[in-house]
Each structure stands twice: as structure tokens, then as C-alpha cells.
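Below, read A as the first sequence line, B as the second, and so on, with proteins coming before strands; counting in each chain starts at 1.
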Amino acid sequence: MPRTVHAAQFHRCRQPLPLWLSHPALPPLTLRVVLCYEHLIKSSIIGNFREGPMSKAAPVVRFAPSPTGYLHIGGARTALFNWLYAQGRGGRFLLRIEDTDRERNNPAAVAAILDGLTWLGLTWDGDAVSQFARADRHRAVANDLLARGAAYHCYASPAEIDAAREAAKAEGRPQIFLSPWRDRDPKEAPAGVKPTVRLKAPRDGETIVNDHVQGRVTFPNKDLDDLIILRSDGNPTYNLAVVVDDHDMGVTHVVRGVDHLTNTARQTQIYQGMSWDVPEFAHVPLIHGADGAKLSKRHGAQGVEDYRSMGYLPVALRNYLVRLGWSHGDDEIMSTQQLIEWFDIDGINKSASRFDFKKLDDLNGHYIRQSSDEELLARIKDMLPHLDFSGLRALDIDPKAPPRSDVTLAHEVAALAPSIVDGNALAARLAHVGWDKVSTAMPALKERAKTLAELVMGALFLVADTPLALDEKARKLIDNDARTTLSALIPRFEKAETWTADALEAEVRAYSEETGAKLGKIAQPLRAALTGRAVSPPVFTVLEVLGRAEALQRIRICAG
RNA sequence: GCUCCCUUCGUCUAUCGGUUAGGACGCGAGAUUUUCAUUCUUGAAAGAGGGGUUCGAUUCCCCUAGGGAGCGCCA
């Protein structure tokens with residue numbers, strides 16, 4: 001019995017929140033999932049949606065993803081639009097999982113969506129609703145439609161329907177199926193065939209969708225066939241379920257992707273069949289990859305979990321996503337508070353936009369620089385457990401796609417500290433070395449990082465295995481002159497009274513003046529010896545953070 | 001094939017018929033600098049094409065081209 005399965009499913013969602021969910025920097029929230037269908041059906045949660053404390057003008061919106069296994073980045077933007085709209089108007093933002101397709105549904109897939117939304121900071125009101133759990137109600141509405149004469153039983157077989165569609169296609173007619181059972185006497189029904197229930201849609205005239213984004217869109221009714229609302233096995237179809245749920249939940253504004261626009265015309269006919277008020281609609285354009293094609297795995301990142309893994313900050317991702325298709329004058333950096341205040345569905349553009357990682361990076365870099373050192377440290381600690389380095393290295397991404405910072409980090413870890421296998425091991429190693437050292441370096445680190453992964457990359461010298469594996473550019477820096485310089489520096493560093501960046505810089509500058517060697521000629525070999533790279537945070541910071549013993553050891557190795 | 005939608009710098013966008021077509025990312029140049037980055041200054045870069053309407057079109061209308069979405073007993 002499915003019901004048991006689902007109680008178990010939601011039980012999973014009740015497990016303790018992962019670390020990154022409970023971080024104090026995130027708004028307080030709880031994972032509010034409907035815990036069992038029994039509860040949902042009997043406790044009239046649905047009824048509550050309709051008679052909430054809101055004034056009449058307060059909108060009710062919803063985000064209704066199907067459990068595909070992750071929260072798609074485009075879906076995330078749709079959710080963001082909904083959330084902002086509700087927030088800005090004292091409305092409610094509801095969440096419904098469209099899990100009527102039993103094959104696609106599984107607990108992990110639902111959890112991934114809830115996690116994604118929560119991470120992005122998009123909290124929903126009330127419990128997440130399972131659409132599947134409401135099947136009885138959907139069936140009841142179908143029967144009501146039948147009783148009203150707005151629907152009929154159709155005994156056409158799938159083969160028959162296919163054939164009709166093929167024929168239509170061959171003749172260049174619209175591929176719609178006009179059921180003969182619309183006007184046929186049900187008494188003629190073939191024995192033993194379980195019928196579907198079809199909506200008796202109007203054949204003449206047109207159906208109009210007044211959309212906040214698309215404007216007034218007209219569909220000739222002759223091009224819309226009678227859609228099936230109940231399958232032959234008695235289960236409701238998506239189009240019926242959406243309408244019934246949106247109505248029952250008191251949804252006033254349906255904000256979703258344009259891919260639903262044609263559905264909306266048909267759904268309008270269901271509303272009309274039931275004499276229900278049609279909600280307001282806003283069909284937002286799609287997000288494409290950088291090449292203009294539909295966003296796919298090859299583009300490198302589809303789910304918000306990928307963006308978390310790369311080290312994007314929720315606030316930055318929100319700021320970036322909202323600017324895809326919406327703007328507020330020349331404003332680029334907008335606080336969440338401002339977004340809530342300014343956002344409106346009437347300002348959304350109609351055309352699809354391309355995802356641009358460079359711009360996201362810039363925004364993220366801005367928010368990183370603006371974050372406090374403590375917060376960044378906390379964010380890093382939250383992110384690390386999600387990183388599987390060997391998995392990241394094995395990702396099959398289009399070589400033309402922009403490199404993922406978490407993948408680059410994975411490669412750097414393999415090069416500098418091959419003994420570290422995953423994010424947890426890296427966190428452990430950093431803890432062993434001392435998080436305080438990361439903190440000390442943070443001001444230098446954060447102005448060089450576009451993502452948290454880059455931030456960690458900058459700190460990798462702290463945990464590198466010795467002797468250091470110098471990369472090619474670093475190796476070239478250690479020539480004979482460099483070895484002489486390094487050797488000369490060793491006794492000075494050994495004698496240094498205070499081991500701080502400032503003191504060490506003064507020491508090196510003194511050496512520079514005494515010998516006439518340019519600072520760059522000293523700093524670069526030092527950098528290479530200390531970090532194994534030609535690029536790093538400021539060498540004096542590196543020296544300080546590494547500590548006298550470790551720093552001297554690394555210098556001695558290169559001084560030969 | 002049918003229905004619907006879209007088209008301003010490379011990208012995201014501003015423009016409520018009159019602008020030297022603005023901003024941001026990216027890119028180029030310069031300054032700062034121990035590398036990289038940050039920061040600052042600065043430069044190049046756009047109305048798909050063709051018709052109308054109008055004193056005047058990026059803006060309104062039509063056509064063409066290009067692009068997208070939908071056309072399931074999927075959601």
C-alpha cells in the first residue's frame with residue numbers, strides 16, 4: 001500500500017538537519033514537511049490555507065516542483081520569484097511536491113529539493129504538500145466534472161489515439177485527438193475496457209490566458225484537445241491535480257516556467273468547468289546555458305547543490321538569479337530586503353536568458369569580500385563535508401564549459417596533499433593545523449576568491465604534504481640565485497624576534513636594501529618554496545601563518 | 001507539421017516616440033603592488049533584416065530570418 005511507503009518517505013525528511021542547515025547565519029527555519037498523508041488529509045491543512053490571517057489582498061503563491069532528484073537552477077529562480085513576491089506583500093509562499101508520478105518519486109529526491117530551497121534561504125509557509133496524497137480529492141473533482149456534464153468517459157485505446165495522431169501529423173494537421181466518445185452513447189462502450197475521463201473542452205471560440213509576463217495570449221479552442229483528467233486506472237493526471245490543488249490551497253498567483261503556458265489554457269478550461277475563479281498567472285522565461293541551448297549536464301551544473309559545492313553564497317546566487325529576467329533600473333547589487341521591496345512579477349522579461357558564470361563569480365566575490373571572517377569560516381566548514389574530491393575529478397563536463405571551482409580545488413588537493421581524499425579529511429587536516437591560522441589569513445584570502453572553493457584553495461599551502469610538490473612555474477623560480485637568496489634568509493628568519501607578517505616583511509626589506517636585490521626577486525622564490533606555487537596570498541602572511549618551524553623547513557628544502 | 005512566445009554591446013539588462021542608446025559582467029589600456037587579486041582611472045563594444053504609422057522610431061503595426069517552448073493515460 002503506497003501510504004505506508006510514504007509515511008516512511010517523510011520520516012526520512014525528519015532526520016536531524018545537516019550542518020549547513022543549522023548554521024546561525026542562516027535565517028531560523030525548520031524543515032517543515034508533511035509527515036504523513038493521513039495527517040494531511042484529515043487535519044484540514046488545506047482548509048487553513050484558505051482562511052489564513054491574511055488580508056484579502058495578500059497573495060498566496062506556491063512552488064510546485066516534481067521530485068527529479070535535485071532542485072534545478074531554473075526552478076530555484078522560479079521559487080525565488082514566488083518567494084520574493086509573497087514576502088514583499090505579506091503573502092504566503094507554499095510548497096507542493098508534484099509526486100503523482102510514482103516512478104519518479106523517491107524520498108531522496110524530495111529531500112534534495114527541500115534541502116536546496118532551504119540552503120537558498122527560501123522558506124515556505126506551512127507544510128510541504130504531497131500531491132499524490134490528494135488523489136482522492138482529485139478523483140472527486142473529476143466525478144463532479146462528470147456529473148456537471150463537463151467531462152466524459154473515453155474508451156479509445158492508446159493504439160487508436162496514436163494512429164489518429166500519426167494521421168494528423170501526416171496530413172499536417174495539429175496533432176490533437178478528437179475523441180469519438182465525446183458525443184457517443186456510453187451504452188456503446190466496449191465491454192471490459194476501463195475508460196479514461198476526458199474534459200469536455202469547448203470546441204469553438206478561444207481560450208485566453210491573461211499573463212503578467214506574457215501578456216494576453218490567445219489559444220484557438222479548436223487546437224486544444226479534450227485532455228485526460230483521470231487515467232484508465234482511475235488516477236488523476238497532472239493537469240487536473242494542479243488545478244484542484246491550486247484551488248484548494250487558495251493560490252491567487254501561479255508563477256511558473258513558460259513551459260507550462262499551453263497547459264494553462266487547458267487548465268483554464270478545468271477551472272471553467274468547475275466554475276472556479278482562475279488565479280493570476282505569470283509564466284517566466286527559461287534559463288539557458290552559456291551557449292543558448294537548454295541547460296543540461298554538459299553545462300556543468302544544473303542543481304543548486306552544484307552551486308553550493310562550488311562555493312557560491314546563497315545571497316549571491318539569489319542576487320544573480322533575480323537579475324535573470326528582472327531588473328530594478330541600473331541596480332546590480334541588491335540586498336534581500338531591497339529585493340523583497342522592489343520585486344514584482346509585472347517587471348519580468350519575456351525572453352530567455354543565458355547563464356553567465358563570470359557574472360555570478362563577480363557577485364559572489366563581492367559578497368565574499370563583504371562577509372566577516374567568522375562567517376566565511378563557518379561557511380567553509382559547512383561546505384567541506386559536501387565535497388568528494390575523486391568524484392569531482394571524475395566529472396564529465398564539456399571542456400568548453402567554464403571550469404568549476406570545486407573541481408579545480410579537487411585537482412589542487414590531489415597535487416598538493418594527495419593523502420586528503422575528501423572534504424571531511426580536508427576539514428580534519430585544517431582543524432589539526434588550526435582553524436585560527438585560516439582565520440588569520442582570511443583577510444588576504446577573501447579578496448582573492450570568487451568562491452568558497454577558491455578560498456580553500458588559497459589556504460591549501462597550510463595542509464600541503466612535505467616536501468612540497470612544486471608546480472612548473474614555481475620550479476622555475478627556484479634557480480641558483482634563488483637558492484642563494486633563500487639560504488641567506490634562513491639565519492635571519494631563525495633569529496627573528498617576532499614571527500609576524502609585519503616583522504618578517506621588515507626583515508626581508510632590510511635584506512633587500514643591504515643586498516640591492518629587488519623585493520620581487522626575493523618574494524617570488526620564497527613564495528615558491530613556501531607554497532609550491534608562483535601565485536599565493538602575500539608571502540609574509542604565508543610565513544606568519546605557517547609558523548617558524550614549518551616555514552624554515554620548507555625554505556631549507558628548496559635552498560638545497 | 002501545428003499552436004504560442006522571443007530578438008538592444010559577447011553576456012545580463014535600462015529606455016514609459018525625441019537620449020552623444022545608460023549600467024553591470026567580461027575584454028583592452030593605465031595607476032597601485034612581493035605574485036595573484038582587490039581598488040581606482042580609462043577604452044572598445046548593441047537596437048537581426050525589410051517594410052509601414054509618425055514631424056520624429058530601439059520604442060507602435062506587418063513581413064522575413066533566427067531562436068525557444070508546448071503538442072503524453074509525464075510532470
Margin query: Measuring to OP1 and OP2 of G72(B), would you say a side-chain N or O of Thr237(A) lies under 4.0 angstrom away?
Written below: no
Check: Taking the same atom, C1', in U8(B) and in G49(B), what whole-Å distance lies between them?
Finding: 15 Å
Checklist line | Watson-Crick or G-U wobble partner of A65(B), both distances under 3.5 Å | finding: U7(B)
Notebook entry, point to check: For Glu472(A), does the CD atom have more than 12 heavy-atom neighbours from other residues, nucleotides or ligands under 6.0 Å away?
Noted result: no
In a table with atom names and distances, give each donor-acceptor pair under 3.5 Å that connects a side chain of residues 155-163 of chain A to protein atoms at least two apart or in another chain.
from: Ser157(A); atom 1: OG; to: Glu160(A); atom 2: N; distance (Å): 3.2
from: Glu160(A); atom 1: OE1; to: Ser157(A); atom 2: N; distance (Å): 3.4

Notebook entry, point to check: Looking across every strand, which nucleic acid part, if any, lies under 4.0 Å from Gly365(A) by heavy atom: base, sugar-phosphate, or nothing?
Noted result: nothing
Margin query: Using Watson-Crick or G-U wobble geometry with both distances under 3.5 Å, which nucleotide pairs with C71(B)?
Written below: G1(B)
Next item on the list: Just call it for Lys169(A): base, sugar-phosphate, or nothing, with non-hydrogen atoms closer than 4.0 Å on any strand.
Entry: nothing
Extract all donor-acceptor atom pairs below 3.5 Å that involve side chains of residues 207-218 of chain A and protein atoms in other chains or at least two apart in sequence.
from: Thr207(A); atom 1: OG1; to: Asn221(A); atom 2: OD1; distance (Å): 2.5
from: Thr207(A); atom 1: OG1; to: Gln269(A); atom 2: NE2; distance (Å): 3.3
from: Asp211(A); atom 1: OD1; to: Val213(A); atom 2: N; distance (Å): 2.7
from: Asp211(A); atom 1: OD1; to: Gln214(A); atom 2: N; distance (Å): 2.8
from: Asp211(A); atom 1: OD1; to: His283(A); atom 2: N; distance (Å): 3.0
from: Asp211(A); atom 1: OD2; to: His283(A); atom 2: N; distance (Å): 3.1
from: Asp211(A); atom 1: OD2; to: His283(A); atom 2: ND1; distance (Å): 2.5
from: His212(A); atom 1: ND1; to: Asp346(A); atom 2: OD1; distance (Å): 2.7
from: His212(A); atom 1: NE2; to: Glu280(A); atom 2: OE1; distance (Å): 2.5
from: Gln214(A); atom 1: NE2; to: His283(A); atom 2: O; distance (Å): 2.9

Notebook entry, point to check: Is a donor-acceptor pair below 3.5 Å formed from side chain Arg448(A) to base U38(B), judging by atom type as modelled?
Noted result: no
Note to self: Please name the nucleotide paired to C40(B) by Watson-Crick or G-U wobble geometry with both distances under 3.5 Å, or report none.
What the structure shows: G30(B)
Checklist line | 5'-most by nearest nucleotide on RNA chain B - Ala449(A) or His328(A) | finding: His328(A)
Next item on the list: Describe the nucleic acid contact of Ala517(A) in one word from base, sugar-phosphate, nothing, applying a heavy-atom distance below 4.0 Å.
Entry: nothing
Next item on the list: Would you tell me if any nitrogen or oxygen in the side chain of Arg533(A) comes within less than 4.0 Å of OP1 or OP2 on U35(B)?
Entry: no
Show each protein N/O and nucleotides 66-70 of chain B N/O combination with a separation under 3.5 Å, one pair to a line.
from: G70(B); atom 1: O2'; to: Thr262(A); atom 2: OG1; distance (Å): 3.1

